[in-house]
Structure formats: C-alpha cells, structure tokens
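In listed order, ligands and their atoms are each counted from 1. Counting from 1, the numbers follow the sequence of the chain as shown.
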Amino acid sequence: MSSRNTRPDKDKLNQIVAEARRDREAREKTYRERALKIYPWICARCEREFEGKRLRELTVHHKDHNHDNNPPDGSNWELLCLYCHDNEHSKYLDEEWYDGPTPGGEQEPPSTYRPFAGLEALLKPKKKK
Ligand SMILES: [Zn+2]
Ligand SMILES: [Zn+2]
C-alpha cells in the first residue's frame, strides 16, 4: 500500500527551467515593447533610425546594467543598435580594466586623399569624340 509516486525530479526541474526561460523571454519582450513605445526608434548613440524589419537591430540597453531594473517610466532604458550596444558594454568592461583613455582610438588620415584631383580633371582640355 505504499504510494511509490516518486517520479524523477529531472522532469520537474526541466519544467521549471523551461518556465523560467519562458518567463524571462516574455519579460524581455515586454520591456522591449514598452521601451519602443516610450522612445523614438533611434539609436541613442549613432542616431540611426530604425523601422520595419531593421527594428530588430534596435535593442534595449539597461543604463545600470541591471536587466531586472525596469522602472515603468523607462528611466533605466536606452535604445541602442546592436553595434553601439556592443560598444557600450565593451566600454563598460574597459573602464573596469583601464583608468586612462582606451588605446586604438586614433585615426589615420586617408593617404589617398587628393584635394585637387577634381580640379586637375577640370583643367585638362576636353577631348573631342
Ligand atoms: Zn547605434
Ligand atoms: Zn546593455
């Protein structure tokens, strides 16, 4: 008469994990949707505009890097494109590692730049066809 109803807990665990994941995905989806309602669809860094299919490239960044901090007024959110979002996080990491300015920020002037190239062409006598 002993009730041997002990099913492996693995099933239950899997179910809990699946539920938690679904929960998180649902929450992420809603805060993204909420952020998209509050803010214009523009990357806060590079100021590119997004619409239609490309809207997927626009992501929600958490200013304090805490994804659980989602105040209803959106004050912890920033809309960033994938590229700038990546940048934002690597910048954050860099700041933890370095105190000074990050190396590799210098830009070489393009060596092929010839300011008078167009002028030269204008001064050349035109060939008759
Ligand atoms: Zn951007
Ligand atoms: Zn972020």
Side-chain angles (χ1 to χ4, degrees):
M1 278 291 272
S2 61
S3 62
R4 304 225 312 157
N5 215 1
T6 46
R7 302 184 69 197
D9 273 348
K10 219 174 164 188
D11 276 3
K12 208 178 176 186
L13 196 72
N14 277 343
Q15 200 190 329
I16 290 169
V17 169
E19 263 171 32
R21 192 186 298 145
R22 217 173 325 155
D23 255 30
R24 202 181 60 123
E25 276 168 12
R27 202 178 51 198
E28 275 176 11
K29 211 180 156 205
T30 50
Y31 75 58
R32 185 171 184 273
E33 268 164 21
R34 273 153 60 202
L36 289 174
K37 267 180 200 160
I38 296 174
Y39 293 110
W41 298 351
I42 296 170
C43 172
R45 288 284 177 282
C46 66
E47 296 178 351
R48 278 194 294 161
E49 285 182 46
F50 292 84
E51 57 182 331
K53 276 185 183 174
R54 291 191 56 223
L55 193 59
R56 275 182 302 179
E57 292 171 36
L58 198 61
T59 57
V60 179
H61 171 62
H62 290 77
K63 288 182 183 175
D64 68 354
H65 293 252
N66 177 6
H67 284 217
D68 292 318
N69 182 13
N70 295 301
D73 64 350
S75 57
N76 191 36
W77 298 330
E78 206 166 33
L79 291 181
L80 297 179
C81 72
L82 289 174
Y83 179 78
C84 294
H85 200 165
D86 231 46
N87 242 346
E88 189 64 28
H89 282 255
S90 55
K91 195 176 82 187
Y92 184 75
L93 285 178
D94 284 350
E95 276 169 6
E96 285 190 341
W97 289 102
Y98 312 108
D99 275 324
T102 49
E106 57 205 80
Q107 280 188 339
E108 274 180 48
S111 56
T112 50
Y113 182 58
R114 294 190 303 149
F116 300 114
L119 244 176
E120 206 175 64
L122 281 175
L123 291 172
K124 269 181 194 166
K126 279 178 188 166
K127 273 183 193 170
K128 279 182 186 174
K129 267 184 184 173

Opening angle between SG in C81 and SG in C84, taken at the Zn ion (ligand 1), to 10 degrees: 100°
On the 0 to 90° scale, with breaks at 30° and 60°, tag the H61-H65 ring pair as parallel, tilted or perpendicular. perpendicular
What I'd like to find out is whether the side chain of R45 reaches to under 4.5 Å of the side chain of E78, using heavy atoms alone. yes
For the pair N70 (side chain) and Y31 (backbone), establish whether a donor and an acceptor sit closer than 3.5 Å, ignoring hydrogens and angles. no
Does any N, O or S atom in H85 come within less than 2.8 Å of the Zn ion (ligand 2)? yes
Please determine if the Zn ion (ligand 2) has an N/O/S atom from H61 lying under 2.8 Å away. yes
If you check every N/O/S atom of H89, which is the one nearest the Zn ion (ligand 2)? NE2
Decide yes or no for L79 and V60: does some side-chain heavy atom of the first lie under 4.5 Å from some side-chain heavy atom of the second? yes
